[in-house]
Amino acid sequence: MASKLLFFKRLPKLLKPFSSSSYSIRRCRFLLLEASRPRTLSETTQWVPASRTFCSNLSQDSQGPAAIDYSSVLQEDEFHSLANSTIHHFLEKLEEYGDNVEIDGFDVDYGNEVLTLKLGDLGTYVLNKQTPNRQIWLSSPVSGPSRFDWDQNAQTWVYRRTKAYLLKTLESELEQLCGEPIDLS
């Protein structure tokens, strides 16, 4: 019954874009039949809501983001320890790097748990923690925004969509922008 009520609530929206076509009539008949079709218990319990992952389990042959591995979700104190040590390590390495490159407007700043690297006309990097997601977020003038999860197996921060490591991403982009190699490890 609830599915029929939901269907009738959505019916005006479904009809509006195609109100004069035979397609909309066929689609409405299909949706009405589908909404009124009796469901078995297995059909009603199969749907599982999508959820986020905080850590990933990477495999070379998979397409897209890695599967959710709830056993590897970091506890909050462990996340803070890993994220803080990573960000502070990058802060020290970037300050050293600034002494070796000749870029107008080069500035490294850390405040309110946000690391900001300004490269003058070349752009600005922002690196910060996202505690609820257990992620480190990077805003890059080269690759745009990325959200890195801690990978237990690789022992590093990994962007699940591209499987790129945070450290390697920063190293290659900074070398590309500044013309000088950097070792962040």
Side-chain angles (χ1 to χ4, degrees), residues 46-185:
Q46 281 180 348
W47 183 79
V48 177
S51 58
R52 288 190 193 270
T53 181
F54 302 115
C55 294
S56 59
N57 188 7
L58 299 178
S59 67
Q60 293 298 87
D61 57 343
S62 68
Q63 301 291 337
I68 297 170
D69 180 8
Y70 289 105
S71 66
S72 65
V73 173
L74 295 173
Q75 294 299 316
E76 189 170 337
D77 58 338
E78 185 181 8
F79 164 75
H80 283 297
S81 174
L82 287 166
N84 286 338
S85 66
T86 300
I87 292 172
H88 288 284
H89 176 77
F90 285 166
L91 174 64
E92 290 175 13
K93 292 290 190 173
L94 291 171
E95 286 175 341
E96 289 173 18
Y97 186 65
D99 295 337
N100 299 328
V101 294
E102 298 291 327
I103 295 177
D104 290 336
F106 187 99
D107 184 42
V108 181
D109 182 48
Y110 180 74
N112 297 325
E113 298 190 335
V114 177
L115 176 64
T116 306
L117 171 62
K118 296 179 183 175
L119 300 173
D121 294 337
L122 300 174
T124 301
Y125 284 88
V126 179
L127 192 71
N128 65 304
K129 298 188 308 184
Q130 290 296 318
T131 303
N133 301 342
R134 308 294 197 269
Q135 294 175 327
I136 290 182
W137 287 9
L138 171 69
S139 174
S140 160
V142 176
S143 58
S146 303
R147 298 172 178 184
F148 292 85
D149 298 292
W150 180 255
D151 184 73
Q152 290 292 104
N153 297 332
Q155 292 292 298
T156 191
W157 296 95
V158 179
Y159 184 38
R160 288 183 50 237
R161 288 188 182 173
T162 63
K163 300 176 185 157
Y165 296 148
L166 173 60
L167 183 123
K168 296 296 180 193
T169 300
L170 277 173
E171 285 179 342
S172 65
E173 288 185 12
L174 287 172
E175 182 175 353
Q176 176 187 342
L177 285 174
C178 303
E180 290 286 328
I182 180 173
D183 181 16
L184 293 172
S185 56

Donor-acceptor pair, [X] side chain versus [Y] backbone, under 3.5 Å?
| X | Y | result |
| --- | --- | --- |
| Glu175 | Ser172 | no |
| Thr169 | Tyr165 | yes |
| His88 | Ala83 | no |

Checklist entry - Just wondering, are more than 12 heavy atoms of other shown residues or ligands nearer than 6.0 Å to CD in Gln155? => result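 Above 12, so yes.
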Beyond-backbone contact of [X] with [Y], side-chain heavy atoms, under 4.5 angstrom:
| X | Y | result |
| --- | --- | --- |
| Leu117 | Thr124 | no |
| Leu119 | Cys178 | yes |
| Asp149 | Arg134 | no |
| Tyr125 | Leu170 | yes |
| Thr116 | Leu127 | no |

Distance-only criterion, 3.5 Å: show the donor-acceptor pairs between side-chain atoms of residues 90-113 and protein atoms not counting sequence neighbours.
unit_1, atom_1, unit_2, atom_2, d
Tyr97, OH, Glu180, O, 2.6
Asn100, ND2, Glu96, O, 3.4
Glu113, OE2, Lys129, NZ, 3.4

Checklist entry - Between Gly123 and Pro141, what is the shortest heavy-atom contact and its length? => result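 That closest heavy-atom pairing would be CA-CB, 3.9 Å.
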Measuring from [X]:[atom1] to [Y]:[atom2], what's the distance to the nearest 0.5 Å?
| X | Y | atom1 | atom2 | result |
| --- | --- | --- | --- | --- |
| Leu166 | Ile87 | CG | CD1 | 9.0 Å |
| Ile136 | Tyr159 | CD1 | OH | 14.5 Å |
| His89 | Asn84 | NE2 | CG | 14.0 Å |
| Thr162 | Arg160 | OG1 | CZ | 11.0 Å |
| Asn128 | Leu115 | CG | CG | 9.5 Å |
| Gln135 | Ser146 | CD | OG | 10.5 Å |

Checklist entry - Partners of Ser139 by side chain to side chain contact (heavy atoms under 4.5 Å, CB included), sequence neighbours excluded? => result Val126
Item to check | By side-chain hydrogen bond (donor to acceptor under 3.5 Å, both in side chains) - contacts of Ser143 (at least two apart) | outcome: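 Counting only residues at least two positions away or on another chain, Ser143 forms a side-chain hydrogen bond (donor to acceptor under 3.5 Å, both in side chains) with Ser140, Glu173.
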Next on the checklist: For Ser185, give me all partners under side-chain hydrogen bond (donor to acceptor under 3.5 Å, both in side chains), at least two apart in sequence or on another chain.
Outcome noted: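 So Ser185 forms a side-chain hydrogen bond (donor to acceptor under 3.5 Å, both in side chains) with Asp183.
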Item to check | By salt bridge (charged side-chain N to carboxylate O under 4.0 Å, His left out) - contacts of Lys118 (at least two apart) | outcome: none
Item to check | Partner residues of Glu171 under the salt bridge (charged side-chain N to carboxylate O under 4.0 Å, His left out) criterion, sequence neighbours left out | outcome: Lys168
Checklist entry - Under 3.5 Å, is there a donor-acceptor pair linking the side chains of Trp157 and Thr86? => result yes
